[in-house]
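Here the structure is laid out as structure tokens; the discussion comes afterwards.
Just so we're clear, the structure is a prediction, and the values are computed from it rather than from any experiment. In what follows, chains carry the letters A, B, and so on, assigned in the order in which the sequence lines appear, proteins first and then strands, with residues in each chain numbered from 1.
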Number of protein chains: 2
Amino acid sequence: MPSALSRGVANVAERAQLPPSLAISTVIFALRPGHEGCPTLWMPLVRRVREPFRGQWALPGGPLTAAESLEDAARRNLAETTGLAPAYIEQLYAFGGLRRAHRDEVGAQRVVSIVYWALVRADETALAGQTGLAGEQENVAWHPADPAHGGPGTLAFDHREIVDYALWRLRSKIEYAQVAYHLLGEMFTLAQLREVHEAVLGRSLDPANFRRQLKGTPHLEATDHYLEGGRHRPPRLYRYTGPRSL
Amino acid sequence: MPSALSRGVANVAERAQLPPSLAISTVIFALRPGHEGCPTLWMPLVRRVREPFRGQWALPGGPLTAAESLEDAARRNLAETTGLAPAYIEQLYAFGGLRRAHRDEVGAQRVVSIVYWALVRADETALAGQTGLAGEQENVAWHPADPAHGGPGTLAFDHREIVDYALWRLRSKIEYAQVAYHLLGEMFTLAQLREVHEAVLGRSLDPANFRRQLKGTPHLEATDHYLEGGRHRPPRLYRYTGPRSL
DNA sequence: GTAATAGTGTCTATAAGACACTATTGT
DNA sequence: ACAATAGTGTCTTATAGACACTATTAC
């Protein structure tokens with residue numbers, strides 16, 4: 001990964017004061033069937049192939065190049081490492097604590113990570129390996145986001161804390177912002193939308209009250225279509241008409 | 001400002017892909033008497049002494065050195081440029097849009113700014129110049145934060161947008177978090193606390209309802225002291241017992 | 001018909017806003 | 001006494017939660 005150029009820069013800088021380098025990482029959430037059957041939040045992780053934390057799972061990310069905005073860098077990194085193009089993406093936080101540098105690594109450059117969080121629809125969760133070879137694809141895989149639902153308890157660097165913070169932000173934001181729609185396809189039933197909220201919040205919601213609260217919500221449009229094929233009364237399909245990304 | 005070292009790094013990097021440099025800036029708010037008499041939000045700004053935007057007002061800030069956390073860097077920059085030590089500080093956002101680079105500057109390095117916002121008490125708003133000389137202190141001065149209250153409509157770089165975003169965050173956060181206390185001294189009356197909220201929110205609040213809402217608030221402790229010296233019934237003094245910084 | 005989910009109506013508890021009212025001080 | 005602010009009580013309105021009830025489909 002470090003080119004001859006960046007090595008040269010580091011060598012110059014190491015003698016005096018090393019400027020922190022900039023990286024972009026992203027926490028991507030998608031809703032998939034969980035271990036207990038009910039839908040759960042999952043995220044794609046990348047297995048580290050070098051020290052530090054070799055072999056451990058880490059957030060997808062990479063360096064920031066000079067010619068792109070921060071969000072563009074996040075999207076590009078996402079496409080390169082996972083093949084995903086999220087429907088929603090938003091900046092989470094800039095992490096730059098000193099304990100982030102692994103003390104075992106000699107001359108390790110300090111890294112400041114600007115972390116984004118993103119949502120992808122369940123039907124767009126196909127992962128691409130870093131190469132195109134099928135054998136390489138084991139280095140990118142989906143994991144439950146929450147350790148309480150079978151997710152990994154520890155990740156490389158401080159990525160476990162970052163994921164927890166992203167989970168907190170998603171849970172806070174779903175209560176007042178139009179965020180849940182980005183985990184669903186173009187058309188969905190109110191029951192499906194409620195299941196999204198239930199999965200994110202981790203508790204069941206009253207169908208009647210949930211429906212009434214959505215009545216006052218903008219950008220939620222009832223269509224004339226109904227979801228056929230169910231075993232009982234077919235529910236009406238709705239559509240989200242607001243902006244696709246904030 | 002650019003040392004021989006950082007120049008050397010830039011020269012190496014310019015030939016191929018220039019890594020973005022990292023800076024920390026801070027929006028500092030304090031409550032001071034406004035132009036119409038009522039208390040208003042003010043912020044300290046630094047006049048630029050070099051291109052680009054020479055002569056214009058900008059947020060205090062500076063580079064991130066390798067040996068400090070992001071928040072420590074913000075505090076150190078604040079002390080160096082303004083002499084202030086805020087009671088509350090929190091990360092706002094990382095700004096890295098490409099339009100931030102001024103096109104007039106040849107070979108300008110792209111700067112990603114991690115911006116913090118902070119609150120200082122009115123009794124701690126004495127500014128220090130960058131040198132100790134009285135003549136130099138004109139390059140740091142307080143300005144109303146909101147253009148609607150006499151603040152500067154344009155600032156250097158994209159700093160006007162950044163200040164507006166910080167104002168939005170402060171106004172949002174004062175409604176659900178314990179931040180207003182950090183604009184006041186150790187002891188204060190409920191009327192003073194209400195004036196803080198009114199100044200930040202830009203509208204008057206019902207004294208009776210405001211008092212009742214605070215009843216359920218944690219970390220607000222009634223003392224046995226009263227504010228003497230007023231022209232009428234002396235109000236009780238309260239104290240904030242929560243954490244000093246988040 | 002029966003099971004199961006879709007969708008509606010209503011009661012209650014809680015909280016916010018409006019505002020009348022009492023209390024206590026300086027002048 | 002009077003002005004002015006401190007502080008209390010109460011009424012109205014909006015909203016969230018609980019839950020009974022009706023509607024429509026597959027089998």
(message) Whole angstroms only, please: what is the CG-P distance between B:Leu205 and C:dA15?
(response) 19 Å

(message) From CD of A:Glu228 over to P of D:dT24, roughly how many Å is that when rounded to an integer?
(response) 15 Å

(request) Check whether the side chains of B:Glu90 and B:Tyr88 place a donor and an acceptor atom closer than 3.5 Å, and report yes or no. (result) yes

(request) Mind calculating the distance between CG (A:Leu190) and P (D:dA23) to the nearest angstrom? (result) 19 Å

(message) Is it the case that the ring center of B:Tyr165 lies less than 6.0 angstrom away from the ring center of B:Tyr93?
(response) yes

(request) Could you check how far CZ of B:Phe210 sits from C1' of C:dA16, rounded to whole Å? (result) 14 Å

Could you list all N or O pairs between the protein and nucleotides 8-12 of chain C that sit under 3.5 Å apart?
residue: C:dT10; atom: O4; partner: A:Arg212; partner atom: NH1; Å: 3.3

(request) Verify whether the ring centers belonging to A:Trp42 and A:His143 lie closer than 6.0 Å. (result) no

(message) How close do A:Tyr226 and A:Pro234 get, counting heavy atoms only, and between which atoms?
(response) CD2-O, 3.7 Å

(request) Not counting sequence neighbours, list each pair that qualifies as a side-chain hydrogen bond (donor to acceptor under 3.5 Å, both in side chains) and has a residue in residues 210-219 of chain B. (result) B:Asn209-B:Arg212

(request) Could you check A:His232 against A:Gln213 and say which one's nearest nucleotide on DNA chain D is further toward the 5' end? (result) A:Gln213

(message) Nearest whole Å is fine: how far is D:dG17 P from A:His197 NE2?
(response) 12 Å

(message) Checking B:Arg121 now: which residues fulfil side chain to side chain contact (heavy atoms under 4.5 Å, CB included) with it, not counting sequence neighbours?
(response) B:Ala87, B:Asp123, B:Glu124, B:Arg244

(request) Let me know the distance between CZ of B:Arg231 and C1' of C:dT25, rounded to the nearest Å. (result) 13 Å

(request) Please list residues of residues 233-241 of chain A whose heavy atoms come under 4.0 Å from any atom in DNA chain C, ordered by number; otherwise none. (result) A:Arg233, A:Pro235, A:Arg236

(request) Measure the distance from CD on B:Glu198 to P on C:dG17 and round it to the nearest whole Å. (result) 13 Å

(request) With sequence neighbours left out, write down each residue that passes side chain to side chain donor-acceptor pair (under 3.5 Å) with B:Glu195, or none if nothing qualifies. (result) none

(message) Measure CG/B:Leu214 against P/C:dA16 and give the value in whole Å, please.
(response) 11 Å

(request) Using the salt bridge (Lys or Arg N to Asp or Glu O under 4.0 Å) rule, collect all pairs that involve residues 175-192 of chain A, keeping only residues at least two apart or in two chains. (result) A:Glu175-A:Arg203, A:Glu186-A:Arg239

(request) Applying side chain to side chain contact (heavy atoms under 4.5 Å, CB included) between A:Pro44 and each of A:Val27, A:Thr26, A:Ile28, report the one that passes. (result) A:Ile28

